[in-house]
*Asks:* 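What follows is a single structure, and I will ask about it in a moment.
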Amino acid sequence: MVNDLDQIFDSIAKKGVFKNKSILQSNYNPETIPHRSEQIKQIASILAPVLKGEKTSNLFLYGKTGTGKTLSIQFVKEELLRRFNQTLDFDLRIEYLNCKLRKVSDTEYRILAELIKKVGGEVPATGLPTESVYAKFIEIIDSKKQILILILDEIDQTVKKISDGFLYNLTRLNSELSKTQICIVGISNDLTFLDEIDPRVRSSLGEEEIVFPPYNALQLQDILSKRSEIAFNQGVLEDGVIAKCAAFAAREHGDARRALDLLRIAGELAERDNSSKVMLKHIDEANNKIEKDKILDVIKTEPKQFQIVLKSIIDLNERKKNDELIFTGDVYNYYQDLCPRYKVEVLTQRRVSDIIQEFDMLGIINVRVISKGRGGRMREIRLAISKNIIEKAKHIINETLN
DNA sequence: AGGTATTCACATGAAACTATTCTCTGAGTTAGG
DNA sequence: TAACTCAGAGAATAGTTTCATGTGAATACCTGT
C-alpha cells in the first residue's frame with residue numbers, strides 16, 4: 001500500500017520538469033555568487049573594520065538591474081554578522097532597506113518610518129512632523145553603543161522623487177549621535193546618479209565606489225547552468241536552451257534576474273504543454289509572456305483617468321489610416337468626449353500631458369516631441385505594444401471602466 | 001535670395017490648492033470615591 | 001479627581017489646477033541687390 005502511494009507521489013514529482021523551482025525564483029539566495037568574487041572582496045575589505053568597532057567609509061554600489069549588487073551585499077552582510085564577536089562591548093546592526101518598495105518609496109518620512117520599524121520602533125503613518133521622526137530615530141539608535149550599517153537599495157529612485165536633502169541629513173546624522181556610528185551603503189541602478197546630487201553629499205557618500213559590470217553571455221550561461229542543475233530534473237533541458245536564455249538576457253544589459261525568470265517561465269510553459277522537455281520555442285514563448293504580463297499588470301493597476309487616456313490613444317490608433325500619427329491635441333479632444341461617458345471629471349490638458357509622458361516611461365507608448373512649425377509643437381504618439389496585447393488591454397480597460 | 005521676426009500649439013516648471021489620513025492637545029463630560 | 005470623549009489644530013501626501021515661461025520650425029515680413 002505504502003509502496004503504491006510512493007509510486008503515485010513519485011510519478012507526480014517526476015512528471016514535471018522541475019526538481020526545485022524555487023531555485024529559479026528571484027528571492028532565492030544561492031550560497032555562491034559566481035563572477036562576483038572581486039566585488040565581494042572589495043565590499044568585505046571596506047566594511048571589515050566594523051568588526052573592530054570602527055566606523056568605515058560610506059560605500060556606494062553601482063550597476064544595472066540583475067548584476068548581483070543586492071545579492072553580494074547581502075552575502076557580505078551575513079558573513080559579517082556570522083563573524084561578529086558578540087562578547088565585545090558594542091553591537092553590530094546591519095539593516096537592509098529597499099527604497100523602491102511601494103509602501104516605502106516616495107518620501108523621506110516613510111523611509112525613516114521604515115528604518116525605525118526595522119530597528120524596533122513604531123511610528124505612525126502620518127501626522128507627525130518629520131523632525132520628530134528624525135528625533136525618534138536618533139533616540140532609538142543611540143540608546144546603546146553600536147555600529148549601524150544602513151544598506152539603502154535603489155536610492156536613486158527615491159532621491160529622484162524627493163530632494164537629495166534626505167541623503168544630506170543621513171550623512172550628517174553621525175554628528176548627532178554620541179554612542180552609535182552609522183555607515184551608509186547606497187545602491188543605485190543609475191550610473192550617473194552621484195553626478196546629479198549635491199557635491200557635499202557626493203563627497204561624503206561616495207567615499208568608496210564599486211561598479212558592478214553587466215554579466216556577459218558566457219557568465220550568464222554559467223550562472224544559469226549552475227542553478228538549473230539543482231532546479232530542473234536531469235536531462236529535461238533541450239540543448240541550447242541555456243545558451244539561448246543567456247543570449248536573450250545579455251541583450252538586455254546582462255540582467256541575470258531576467259535570465260532566471262526566463263528559464264523558470266519557460267519551464268512552466270513546458271509543464272503546461274505536458275512536454276517532458278524544455279525546448280527552445282518555450283524560451284521564445286516565455287519571453288513574450290514576460291513582456292505581456294508586465295505591461296498588462298501595469299495597465300491593470302493604473303487609475304481610471306490613466307485608463308481613459310490610454311483608451312483614447314488606442315481608439316485613435318485604430319481609427320487612423322496607416323502611417324497617420326497621433327498628437328497630444330487629438331488625444332485630449334477625444335479624451336474630453338470620453339470622460340462624460342464614463343462619468344469622470346475632465347482633467348486639464350496640463351495633467352493629461354503628464355499622463356501621456358508617464359505612459360511613455362512605462363513603455364506602453366513611444367513619444368517624441370516634434371514641432372510642426374507654425375502648426376505648433378506637440379508630442380507624436382505611437383503605441384509600443386503588439387496587437388494581441390492591445391486587445392487584452394482594451395478588455396482590461398473596459399472592465400475597470402464598466 | 002537671404003535674413004529676421006512671428007506664431008502656433010503645445011511642452012515644461014513651479015507654486016498653490018484640495019481632500020484625506022493621521023496625531024496630538026486640551027476642553028468638556030462622566031463616573032467613581 | 002481621574003478617566004474618557006471629542007472637536008479642532010497641525011502634518012504629510014497624492015493628485016491636481018493655475019500661472020508662467022519655454023520651444024522648434026514653418027511662415028510672414030523685410031531688406032538690399
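Keep in mind that this is a model prediction, so the values were computed, not measured. In what follows, chains are A, B, ... by sequence order, proteins preceding strands, each numbered from 1.
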*Asks:* Sugar-phosphate means primed atoms, P, OP1 and OP2; the rest is base. With that split, encode nucleotides 7-14 of chain B 5' to 3' as B, S or - using protein heavy atoms under 4.0 Å.
*Replies:* BBBSSBB-
*Asks:* Apply side-chain hydrogen bond (donor to acceptor under 3.5 Å, both in side chains) to R382(A) and list each qualifying residue two or more places apart in sequence or on a separate chain.
*Replies:* E380(A)
*Asks:* Sequence neighbours left out, what passes side-chain contact (heavy atoms from CB on, under 4.5 Å) with E154(A)? Give chain and number order.
*Replies:* N98(A), K100(A), D156(A), Q157(A), N189(A)
*Asks:* Touch check for L347(A), heavy atoms < 4.0 angstrom, all strands: base, sugar-phosphate only, or nothing?
*Replies:* sugar-phosphate
*Asks:* Expressed in angstrom and rounded to an integer, what is the separation of E358(A) atom CD from dG15(C) atom P?
*Replies:* 9 Å
*Asks:* Rounded to the nearest Å, what distance is computed from the CD atom of residue E302(A) to the P atom of nucleotide dA14(C)?
*Replies:* 15 Å
*Asks:* Just to verify, what does E358(A) make a salt bridge (charged side-chain N to carboxylate O under 4.0 Å, His left out) with, not counting sequence neighbours?
*Replies:* R351(A)
*Asks:* Any side-chain heavy-atom pair from Q74(A) and T70(A) closer than 4.5 angstrom?
*Replies:* yes
*Asks:* Without decimals, in angstroms, what is the distance between R351(A) CZ and dA16(B) C1'?
*Replies:* 16 Å
*Asks:* Does K281(A) have any side-chain contact (heavy atoms from CB on, under 4.5 Å) partners at least two apart in sequence or in another chain, and if so, which?
*Replies:* D273(A), M279(A), E285(A)
*Asks:* Round to a whole Å and report the spacing from NZ of K136(A) to P of dA11(C).
*Replies:* 19 Å
*Asks:* If the condition is side-chain hydrogen bond (donor to acceptor under 3.5 Å, both in side chains), which residues does K226(A) pass it with, not counting sequence neighbours?
*Replies:* none
*Asks:* For dT17(C), take OP1 and OP2 only and decide whether either is under 4.0 Å from a side-chain N or O of T348(A).
*Replies:* yes
